[in-house]
Amino acid sequence: MTPGVLFFVVGPSGSGKDTLLDGARAVLGGSGRFVFARRVITRPADAGGEAHEAVDAATFARLQQDGAFLIDWTAHGLSYGVPARVVDELARGVHVVANGSRAVIADLLARVPDLVVVEVTAPLDILAARLAGRGRESADVIRTRLERTTPPVPAGVTVVRVANDATPPVGIERFIAALEAQTARLRLARMPLSAGSRALAVLPRDSSVLGAADYLGPGRIDIAGRGRSIRAEVALADPGTLAVDSVGLTHEVFDRLGLPEGTPVVLTRTPTPASRAALRTKIRGGTLDEADYARVVGDIVEGRYPDAEVSGFLVAADRGLDDAEVLALAKVRASFASRITWDEPIVADKHSMGGIPGSRVTMVLVPIVAAHGLAIPKTSSRAITSAAGTADAMETLARVDLDADDVRRVVAQARGCVAWNGRLNHSTLDDVMNAITRPLGLESTRWSVASILSKKLAAGATHVVVDLPFGPRARIKSAAEATALAQLFESVGAGLGLFVEAVPTDGTAPIGRGIGPALEARDVLWVLENDPEAPADLRDKVLHFASRILAWDPAIGDRETARRRAEDLLGSGAAREALDRIIVAQGARSEPVRPGRLTRAVVAERSGTVTDIDGFAVAGIARVAGAPLDKSAGIDLRARLGDMVSKGDALFVIHAGAASDLEAAARLATQFCGFTIA
Ligand SMILES: Nc1ncnc2c1ncn2[C@@H]1O[C@H](COP(=O)(O)OP(=O)(O)OP(=O)(O)O)[C@@H](O)[C@H]1O
Ligand SMILES: O=P(O)(O)OC[C@H]1O[C@H](OP(=O)(O)O)[C@H](O)[C@@H]1O
């Protein structure tokens, strides 16, 4: 027999507990499914309000001694007790409804098999007016009742809130609906199903508890029990698949809910998102303000929207965001991420819009800035479509999977870090958004301004330099677009309280020689060690950005001084030593990953000038060679844009860790190696 639920009705004095209980008793009292506990109170029977059992203090004490109460408490100079016999009702599967106290919920939790706290609410001004109107207490007692505070509801307790801020009939209807919803209990089951990040709940088509088919459709449901809840879409199982009094969850959803199999849970329909009108305004091409975005993003993060509506919103937002909306979205996104704070006047950071193979500027820039002495807690991404992300390249030398405490420790030891951002300032919002924008190829440059700067704010940066490479194959196609985006970055940054310098750069060809984690790390070390092989274009780009960052230091002041300072730190080896400190602090690899020992040169099929290098094609060959998963794999460029080459000259050398990868990459290169020679 499933035990009955004890509904413990609480709420501030005057919220209307007695009123709603009287109304519900009139409707449910004769159903045989509910009983309404008659309390024992040391209040005169004719005081008015609830029909309680009135006893004097001595009698109450004796009853208490005799174990006559399931739970008792004192408040407002009175003693209250709920008769212990209600436990027998619960054992028979009957639900018990009792007027209770917020102060004893924790005690009660251990005494009954299934507790639901029903919290009756009403605005404070209404409470005062009602108590005055009731006329049961004096003005002083009313004041002390309104001033009474109680401990918060303990974790693990199911709380259902009933707003009694309208008329009594409306309040009673809501109250009865809340009781009924909580009694439609199902037993939790783990289904032999996985659906990844898609939250799925399975109902038996022949459910004995509810009309399962009614729960199909675009909406979602909340599955709640013992103070925990989870939101999911509904699927139906044919009879015989799932017990008729159960609800089945996929492995992922079951684990996220974190309740044992067999736990009684309640299904309720996910409330219609209050922000739907705003979402539809955006989908129709309108503009939203910050409050609108906060509501829409809040409902999205809470899982109140089906994916189709989220997709519609993201597509619309991706297509049309005015400057004010970009700032509004940045502020809202930042509000959903936890923010790291630093005790530093300047926390430097850098971001690149990417899309250019190689260009591993960060791994040289961070050591220079750290060697100078500014804090630079840099977090970077792994490759998504490219041959290597900064995190992949750094991981050939050191650990990058740092959590927030690791980042603090490393920066304290070495003034900078190069960490993988996957474990940091990653909000649920990012997961929800990325799950839709990435497969759809969304994330316009304007949308990404909000995303990037909100992350920088969350990371605790105060100053950010942004690299905006533009070119025919870059994300930014022209100088004009890069300039406009630079202005947007800087204005949105100012709106967030960030100092942002956004810098258009040449994105027409790869930067550096290496394409792939180990080969890019090799370029980085060559630059830091002033090796004659060091790619000049990578060194120049690093100094360009270092001069901007160091100029933020009041002790430096201008870019020319900053550039000289950066050149000194590089030339003296101080930056190289700074990288070693960062590597040690993050956790050095026992052996750095070297470029793959299996190689194959790709040579010019004709003499002439290299007029174009297709970064996508070259990065594609590097990926077929195994990058970024095989960190040793990639491309070592031997010819640059504008070089004169002779037939048979090496354009680049493929590196791989496995012969099959090398052959596959070589075959791809014979189809198109990315180089145009005219
Ligand atoms: N929805 C409502 N609209 C108007 N008046 C209401 C509403 N609900 C309750 N009242 C009135 O407000 C006063 C307080 O209601 P009630 O006694 O039910 O509150 P309570 O939460 O039980 O208070 P207490 O904890 O002090 O017993 C009563 O006079 C009642 O008639
Ligand atoms: O503030 P908390 O502890 O939630 O409630 C204190 C007491 O006030 C109410 O009683 P009454 O019917 O107003 O006398 C409640 O039912 C509880 O007994």
Side-chain angles (χ1 to χ4, degrees), residues 6-27 29 36-57 60 63-64 69-83 86 96-109 115-154 157 159-179:
L6 174 64
F7 291 98
F8 204 50
V9 183
V10 300
S13 195
S15 55
K17 297 182 293 300
D18 289 325
T19 303
L20 303 191
L21 283 161
D22 290 347
R25 185 185 294 108
V27 174
F36 288 76
R38 185 166 184 245
R39 295 197 299 180
V40 178
I41 307 176
T42 56
R43 174 162 56 208
D46 60 359
E50 78 180 85
H52 64 281
E53 182 181 344
V55 299
D56 61 25
F60 192 93
L63 290 170
Q64 200 176 30
F69 300 132
L70 165 65
I71 189 84
D72 61 85
W73 62 91
T74 58
H76 321 308
L78 299 166
S79 297
Y80 302 79
V82 174
V86 302
V96 174
V97 187
N99 191 335
S101 162
R102 293 161 293 177
V104 295
I105 293 169
D107 301 334
L108 187 57
L109 186 57
L115 171 67
V116 169
V117 169
V118 182
E119 189 175 12
V120 180
T121 64
L124 187 60
D125 58 331
I126 289 183
L127 298 180
R130 286 180 184 168
L131 290 179
R134 177 169 74 181
R136 189 176 81 189
E137 288 85 13
S138 68
D140 284 348
V141 170
I142 289 174
R143 186 167 43 255
T144 54
R145 278 184 169 241
L146 292 176
E147 287 165 358
R148 176 175 165 85
T149 56
T150 54
V153 176
V157 174
V159 179
V160 175
R161 285 179 181 77
V162 175
N164 182 30
D165 53 1
T167 63
V170 168
I172 291 165
E173 183 185 338
R174 289 173 183 167
F175 186 71
I176 292 171
L179 299 181

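The model shown is predicted, which means the values in this text are computed figures rather than measured ones. Just follow the structure's listing: the first ligand is 1, and inside any ligand the first atom is 1. We number each residue from 1, following the sequence as shown.
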Trainee: Which protein non-hydrogen atom lies closest to atom 7 (C) of ligand 2, naming both residue and atom, and how far is it?
Mentor: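 Minimum-distance protein heavy atom for atom 7 (C) of ligand 2 reads His76 NE2, 3.5 Å.
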Trainee: Looking only at distance, does Ser15 have an N or O less than 3.5 Å from an N or O of ligand 1?
Mentor: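 The answer is yes, given that Ser15 and ligand 1 share an N or O pair closer than 3.5 Å.
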Trainee: Taking 4.0 Å as the limit for heavy-atom contacts, which would you say applies to Thr167 with ligand 1: side chain only, backbone only, both, or neither?
Mentor: backbone
Trainee: Report the member of Gly23, Gly14, Pro12 with the shortest heavy-atom distance to atom 14 (C) of ligand 1.
Mentor: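 Nearest heavy atom to atom 14 (C) of ligand 1 lies in Gly14.
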Trainee: I need the atoms of ligand 2 closer than 4.0 Å to a non-hydrogen atom of Trp73, numbered in the order shown.
Mentor: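 Under 4.0 Å from Trp73, ligand 2 has these atoms: 17 (C), 18 (O).
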Trainee: Please confirm whether Ala166 comes within less than 3.5 Å of ligand 1 when only nitrogen or oxygen atoms on both sides are compared.
Mentor: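 The answer is yes, given that Ala166 and ligand 1 share an N or O pair closer than 3.5 Å.
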Trainee: Report the part of Glu137 in contact with ligand 2, treating N, CA, C, O as backbone and CB onward as side chain, heavy atoms under 4.0 Å; options are side chain, backbone, both, neither.
Mentor: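 Neither part.
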Trainee: Under a 4.0 angstrom heavy-atom cut-off, which atoms of ligand 2 come close to Glu50?
Mentor: 12 (O)
Trainee: Before signing off on this row, confirm whether Gly11 and ligand 1 have an N or O atom pair separated by under 3.5 Å.
Mentor: no
Trainee: As an exercise, identify every atom of ligand 2 less than 4.0 angstrom from a heavy atom of Arg145.
Mentor: 11 (P), 13 (O), 14 (O)
Trainee: Of the choices Ala163, Ala122, Ser13, which has the non-hydrogen atom that lies closest to atom 26 (O) of ligand 1?
Mentor: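 Checking each option, the heavy atom nearest atom 26 (O) of ligand 1 is found in Ser13.
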Trainee: Counting from 1, what ligand 1 atoms have a heavy atom of Arg136 closer than 4.0 Å?
Mentor: 26 (O), 27 (O)
Trainee: Is Arg134 close to ligand 2, meaning an N/O of one under 3.5 Å from an N/O of the other?
Mentor: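 No - when backbone and side-chain N and O of Arg134 are compared with those of ligand 2, no distance drops under 3.5 Å.
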Trainee: For ligand 2, which atoms have a heavy atom of Arg136 less than 4.0 angstrom away?
Mentor: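 It comes down to these atoms of ligand 2: 11 (P), 12 (O), 13 (O), 14 (O).
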Trainee: Between Glu50 and ligand 1, which residue portion shows a heavy-atom distance shorter than 4.0 Å: side chain, backbone, both, or neither?
Mentor: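 Near ligand 1, Glu50 shows nothing, with every heavy atom at 4.0 Å or more.
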Trainee: Short N/O distance, under 3.5 Å, between Gly16 and ligand 1?
Mentor: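 N/O-N/O distance under 3.5 Å: yes.
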Trainee: Let me know which of Val118, Val116, Val104 forms a side-chain contact (heavy atoms from CB on, under 4.5 Å) with Phe8.
Mentor: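 So the option named by the test is Val104.
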Trainee: For atom 5 (O) of ligand 2, tell me which residue out of Ser101, Ala98, Ala47, Ser13 has the closest non-hydrogen atom.
Mentor: Ser101
Trainee: Check each heavy atom of Arg102 against ligand 2 and say whether those closer than 4.0 Å belong to the side chain, the backbone, both or neither.
Mentor: both
Trainee: Taking the side chain as C-beta and beyond, is there a heavy-atom pair between Asp18 and Arg136 under 4.5 Å?
Mentor: yes
Trainee: As an exercise, identify every atom of ligand 2 less than 4.0 angstrom from a heavy atom of Thr150.
Mentor: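 Under 4.0 Å from Thr150, ligand 2 has these atoms: 1 (O), 3 (O).
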Trainee: Under 4.0 Å from a heavy atom of Ala75: give me the atoms of ligand 2 that qualify, with their elements.
Mentor: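 By the 4.0 Å cutoff, the relevant atoms are 6 (C), 7 (C).
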